[in-house]
Participant: 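First the structure, then my questions, so here it is.
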Amino acid sequence: MRVLITGATGLLGGRLLPAWRQSGMDVVAVGHAAAADAAVDLTDQKATWRLLEERRPEVVVNLVALSNVDACEQDPQRAYLLNVRTAQNLAGWLAKRPGAALVHISTDHVYDGPGAHAEPDVTLLNIYAYSKFAAELAVLAVGGTALRVNFFGRSLTAGRMSFSDAIIQGLSAGQPMGFFTDVFFSPLSLDTLAAMIARVVADPAPGVFNLGAASGLSKRDFAWRVAQRMGLTLAGAREITLAQAGLRARRPTGMVMAVGKFEKRYGVTLPSLEAEIESATL
Ligand SMILES: NC(=O)C1=CN([C@@H]2O[C@H](COP(=O)(O)OP(=O)(O)OC[C@H]3O[C@@H](n4cnc5c(N)ncnc54)[C@H](OP(=O)(O)O)[C@@H]3O)[C@@H](O)[C@H]2O)C=CC1
Ligand SMILES: Cc1cn([C@H]2C[C@H](O)[C@@H](COP(=O)(O)OP(=O)(O)O[C@H]3O[C@@H](C)C(=O)[C@@H](O)[C@H]3O)O2)c(=O)[nH]c1=O
């Protein structure tokens, strides 16, 4: 089965690609500015459809995004082009190819508030969240799959760091770091996420699914556990609130996801975040 990954040169793509190729998957990696098997500006419908006609994938996995939340807030049109128009262009081609499937990566950023959120429980606080939600609608309209994720683990992509990379690099260098005590999330390790998305690629199901760990932590508790596992001193670490960081875009504080729908559809039991921190490649 031929799988085409868009946004393959990013943080998530940099870990999906080697993992999937090692498992024997026939993957075409599509980049943009950076090198890959092919490169395309997915905001350009003609170029996108030309590429897909040439490569004729059975499954398209879309990772493309303007993933910088503050950049989205600063330039909503660029957020629309990179987060929505790209998905619309892919969906438009898929709509003419009933046999092909679209697996689109979305985010936990569409949630806010206490507790674990099921898929209908959306709260959109900024341009990034709105643009990612709008992309989901384009994907779902053609029977595609939207996976709401968050992840951590060692980046293999030059110039891109995950949150766990930043923690390890900052604490190892003795840099003063502040960690949010009031922001909660439930990311999977990139190891587990790659395996789970591969399951979806092998058996795509229409609809939106939360794909995260089975439990959540505050970003501060996450950082403390990563430091503990890596044997790093917390001397340079402080506890701060999201408000104290003074970021441009308003951000959710409660992004923990309920994962029962995914577990039921794919017959898996997702690991706790605590277990993921202990087993992840960091
Ligand atoms: N990072 C995170 O913490 C989280 C990410 N996500 C989601 O996961 C997905 C992957 O995120 P991540 O790997 O961090 O993203 P990155 O920002 O690392 O990568 C984005 C990718 O999009 C590509 N791209 C940008 N513009 C275009 C364009 N016009 N045409 C084609 N490709 C383009 C980039 O290519 P190039 O660099 O060559 O321009 C890059 O490969 C995204 O959908 C994101 O919303 C969800 C939750 C958390
Ligand atoms: C987590 C954290 C971040 N920061 C800083 C780092 C950065 O400059 C800024 C925002 O960091 P965050 O990690 O919260 O990044 P943020 O931009 O909010 O992250 C988002 O990325 C996109 C792609 C998503 O899809 C979201 O799920 C979310 O992970 O706050 C701290 O100072 N302390 C912390 O504990």
Side-chain angles (χ1 to χ4, degrees), residues 5-17 29-36 38-44 47-48 51 61-73 78-79 81-83 85-87 89-90 104-111 125-126 128-129 131-133 135-136 139 146-153 155-167 170 175-188 190 193 197 211-212 217-224 226 237-242 244-253 255 257:
I5 305 183
T6 62
T9 51
L11 174 59
L12 176 54
R15 285 290 302 274
L16 285 193
L17 213 49
V30 177
H32 170 234
V40 69
D41 174 357
L42 283 178
T43 63
D44 176 339
T48 302
L51 169 87
V61 182
N62 183 37
L63 311 184
V64 169
L66 176 57
S67 59
N68 182 310
V69 173
D70 286 336
C72 289
E73 207 68 15
R78 186 161 173 246
L81 288 171
L82 295 194
N83 290 345
R85 178 74 67 83
T86 52
N89 287 340
L90 293 168
H104 173 81
I105 303 301
S106 188
T107 174
D108 60 351
H109 217 74
V110 299
Y111 297 118
L125 296 183
N126 57 40
Y128 172 71
S131 64
K132 291 297 290 182
F133 185 74
E136 291 178 6
V139 168
L147 301 175
R148 293 174 181 162
V149 306
N150 201 325
F151 50 84
F152 70 95
S155 168
L156 297 178
T157 304
R160 289 287 287 134
M161 276 208 296
S162 69
F163 180 40
S164 52
D165 289 326
I167 293 163
Q175 284 163 6
M177 299 185 82
F179 296 107
F180 298 151
T181 55
D182 58 344
V183 179
F184 295 80
F185 70 151
S186 52
L188 280 174
L190 280 158
L193 185 59
I197 301 176
L211 179 47
L217 286 171
S218 72
K219 294 206 172 181
R220 176 262 183 219
D221 287 349
F222 175 87
W224 257 241
V226 168
R238 285 180 303 119
E239 297 182 348
I240 62 171
T241 61
L242 175 61
Q244 286 172 306
L247 301 172
R248 169 187 284 270
R250 193 176 162 211
R251 280 170 167 79
T253 54
M255 296 174 279
M257 299 187 284

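First listed ligand is number 1; within each ligand, the first listed atom is number 1. In what follows, residues are counted from 1 in the order of the sequence shown. Computed from a prediction, not measured in an experiment: that's the story for all the values here. These numbers come from the heavy atoms of this one structure, side chains and all, not from hydrogens, waters or symmetry mates.
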Participant: Report yes if some N/O of Ala33 lies less than 3.5 Å from some N/O of ligand 1; otherwise report no.
Facilitator: yes
Participant: Can you tell me the protein heavy atom closest to atom 31 (C) of ligand 1 and the distance?
Facilitator: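 Heavy-atom neighbour on the protein nearest atom 31 (C) of ligand 1: Val40 O, 3.2 Å.
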Participant: Any idea which protein heavy atom is nearest atom 33 (C) of ligand 1, and the distance to it?
Facilitator: His32 CB, 3.6 Å
Participant: Checking a contact table here: which protein heavy atom is nearest atom 46 (C) of ligand 1, and how many Å away?
Facilitator: Ser106 O, 3.4 Å
Participant: Of the protein's non-hydrogen atoms, which lies at the shortest distance from atom 19 (O) of ligand 2, and what is that distance?
Facilitator: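 For this ligand atom, the closest protein heavy atom is Val69 CG2, 4.5 Å.
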Participant: Check each of Ser67, Ala87, Ser162 against atom 15 (O) of ligand 1 and report the one with the nearest heavy atom.
Facilitator: Ser67
Participant: Examine Lys132 against ligand 1 and note whether any of their N/O atoms are separated by less than 3.5 Å.
Facilitator: yes
Participant: Does the side chain of Leu90 come within less than 4.5 Å of Thr48's, by heavy atoms?
Facilitator: yes
Participant: Which of the atoms of ligand 2 are close to Asp108, meaning less than 4.0 Å from one of its heavy atoms?
Facilitator: 26 (C), 27 (O)
Participant: Say whether, by atom type as modelled, one donor and one acceptor occur between the side chain of Ser218 and the main chain of Asp182 under 3.5 angstrom.
Facilitator: no
Participant: With a 4.0 Å cut-off, strictly under, does atom 31 (C) of ligand 2 pick up any protein heavy atom?
Facilitator: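 So far as the 4.0 Å threshold goes, atom 31 (C) of ligand 2 is in reach of a protein heavy atom.
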Participant: Taking 4.0 angstrom as the limit and counting only heavy atoms of Phe163, give me the atoms of ligand 2 inside it, by number and element.
Facilitator: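 By the 4.0 Å cutoff, the relevant atoms are 1 (C), 2 (C), 35 (O).
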Participant: Any side-chain heavy atom of Thr253 within less than 4.5 Å of one from Thr241?
Facilitator: no
Participant: Could you tell me whether atom 7 (C) of ligand 2 has at least one protein heavy atom nearer than 4.0 Å?
Facilitator: no
Participant: Can Asp41 be said to touch ligand 1, with heavy atoms closer than 4.0 Å?
Facilitator: yes
Participant: Just need the protein heavy atom nearest to atom 23 (C) of ligand 1, so name the residue and atom and give the distance.
Facilitator: Gly7 CA, 4.1 Å
Participant: Is any side-chain heavy atom of Asn150 closer than 4.5 Å to a side-chain heavy atom of Leu188?
Facilitator: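 No; the side chains remain at least 4.5 Å from each other.
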Participant: May I ask you to list the atoms of ligand 2 that are less than 4.0 angstrom from any heavy atom of Leu247?
Facilitator: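 Result: 9 (C), 10 (C), 30 (O).
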Participant: Rounded at 0.5 Å granularity, tell me how far CE in Met255 sits from OH in Tyr111.
Facilitator: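 Reported value, rounded in 0.5 Å steps: 12.0 Å.
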Participant: Looking only at distance, does Leu82 have an N or O less than 3.5 Å from an N or O of ligand 1?
Facilitator: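 Min N/O separation from ligand 1 is not below 3.5 Å for Leu82.
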Participant: Just need the protein heavy atom nearest to atom 18 (O) of ligand 2, so name the residue and atom and give the distance.
Facilitator: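 Answer for atom 18 (O) of ligand 2: Arg251 NE, 2.7 Å.
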Participant: Cationic tip of Lys219 within the cone over Phe184's six-membered ring, i.e. under 6.0 Å and within 45° of the normal?
Facilitator: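 The answer is no, since Lys219 fails at least one limit relative to Phe184.
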Participant: If you have a sec, work out which protein heavy atom is nearest atom 23 (C) of ligand 2 and how many Å separate them, to one decimal?
Facilitator: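 It is Ser67 O, 3.1 Å.
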Participant: Of all the non-hydrogen atoms in the protein, which one sits nearest to atom 29 (O) of ligand 2, and at what distance?
Facilitator: Asn150 ND2, 3.5 Å
Participant: In the protein, which heavy atom is nearest to atom 3 (C) of ligand 2, and how far is it?
Facilitator: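 Answer, as residue, atom name and distance: Phe180 CE1, 3.5 Å.
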Participant: Do Leu63 and Leu16 pass the side chain to side chain contact (heavy atoms under 4.5 Å, CB included) test, and can you show the C-alpha distance, the side-chain angles, and the key distance before you say yes or no?
Facilitator: CA-CA 10 Å; Leu63 311 184; Leu16 285 193; 4.0 Å; yes
Participant: If you measure from each non-hydrogen atom of His109 to ligand 1, which part falls under 4.0 Å: side chain, backbone, both or neither?
Facilitator: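 Neither part.
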Participant: For ligand 1, is any non-hydrogen atom under 4.0 Å from Arg160's backbone (N, CA, C, O), its side chain (CB onward), both, or neither?
Facilitator: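 The part of Arg160 near ligand 1 is the side chain, not the backbone.
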Participant: Under 4.5 Å between any side-chain heavy atoms of Leu211 and Leu193, yes or no?
Facilitator: yes
Participant: Under 4.0 Å from a heavy atom of Thr107: give me the atoms of ligand 2 that qualify, with their elements.
Facilitator: 24 (C), 25 (O), 26 (C), 27 (O)
Participant: Which atoms of ligand 2 are found less than 4.0 Å from any heavy atom of Tyr128?
Facilitator: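 The atoms of ligand 2 under 4.0 Å from a heavy atom of Tyr128 are 22 (C), 23 (C), 24 (C), 25 (O).
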Participant: Where is the nearest protein heavy atom to atom 28 (C) of ligand 2: which residue, which atom, and how far?
Facilitator: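 Protein heavy atom at minimum distance: His109 ND1, 3.8 Å.
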Participant: Enter the distance from Leu66:CG to Leu82:CG here, rounded to the nearest 0.5 Å.
Facilitator: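 It comes to 5.0 Å.
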Participant: Does the protein put a heavy atom under 4.0 Å from atom 25 (O) of ligand 2?
Facilitator: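 Yes, there is one.
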Participant: Please determine whether any non-hydrogen atom of Gly178 lies less than 4.0 Å from an atom of ligand 2.
Facilitator: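 Contact check Gly178 vs ligand 2: positive.
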Participant: Just which atoms of ligand 1 are under 4.0 Å from any heavy atom in Ala34?
Facilitator: 38 (O)
Participant: Would you tell me which option among Phe163, Tyr128, Phe151 has the nearest heavy-atom contact to atom 1 (N) of ligand 1?
Facilitator: Phe151
Participant: Within the structure, is a non-hydrogen atom of Phe185 found at a distance of less than 4.0 Å from ligand 2?
Facilitator: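 False for this residue.
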Participant: Write out the residue and atom name of the closest protein heavy atom to atom 20 (C) of ligand 1, then the distance separating them to 0.1 Å.
Facilitator: Ala65 O, 3.6 Å
Participant: For a 4.5 angstrom cut-off between non-hydrogen side-chain atoms, does Phe151 reach Leu12?
Facilitator: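 Side-chain contact under 4.5 Å: yes.
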Participant: Please report which non-hydrogen protein atom sits nearest to atom 47 (C) of ligand 1, along with the residue it belongs to and the distance in Å to one decimal place.
Facilitator: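 Answer for atom 47 (C) of ligand 1: Val149 O, 3.2 Å.
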Participant: So, does Arg148 use its side chain to make a donor-acceptor pair with the main chain of Ala146 at under 3.5 Å?
Facilitator: no
Participant: Can you name the nearest heavy-atom pair linking Leu17 to Ile5, along with the distance?
Facilitator: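 Looking at all heavy atoms of both residues, the shortest contact is CD1-CD1, 3.9 Å.
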Participant: Between Phe163 and Phe222, is the ring centre distance below 6.0 Å?
Facilitator: yes
Participant: For the 3.5 Å polar cut-off, considering only N or O atoms, please tell me whether Leu12 and ligand 1 meet it.
Facilitator: yes
Participant: Specify the closest pair of heavy atoms between Arg238 and Ile240, including all atoms of both residues, with the distance to one decimal.
Facilitator: NH1-CG2, 3.4 Å
Participant: Any donor-acceptor pair under 3.5 Å linking the side chain of Asn126 with the backbone of Arg250?
Facilitator: yes
Participant: Whether the Ser106 and Glu136 side chains hold a donor-acceptor pair (N or O, under 3.5 Å, no angle test) is what I'd like checked.
Facilitator: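 Present: a donor and an acceptor within the cut-off.
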Participant: With rounding to the nearest 0.5 Å, note down the distance linking CZ in Arg220 to CD in Glu239.
Facilitator: 4.5 Å
Participant: Do the charged groups of Arg251 and Asp70 touch, with an N to O distance under 4.0 Å?
Facilitator: yes
Participant: Closest by any non-hydrogen atom to atom 11 (O) of ligand 1: pick that one out of Leu190, Leu63, Thr9.
Facilitator: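 Answer by nearest heavy atom: Leu63.
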Participant: What's the shortest distance from atom 3 (O) of ligand 1 to any protein heavy atom, and which residue and atom give it?
Facilitator: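 The protein heavy atom lying closest is Asn150 OD1, 4.1 Å.
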Participant: Under the side-chain contact (heavy atoms from CB on, under 4.5 Å) test against His109, which residue among Pro252, Cys72, Ser67 passes?
Facilitator: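 Among the candidates, only Pro252 passes.
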Participant: Heavy-atom distance under 4.5 Å between the side chains of Leu42 and Asn89, does that happen here?
Facilitator: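 Side-chain contact under 4.5 Å: no.
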Participant: Starting from atom 30 (N) of ligand 1, find the nearest protein heavy-atom neighbour and note its residue, name and distance.
Facilitator: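 Answer, as residue, atom name and distance: Leu42 N, 3.0 Å.
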Participant: In terms of residue, atom name and distance, what is the protein heavy atom nearest to atom 14 (O) of ligand 2?
Facilitator: Lys219 NZ, 3.4 Å
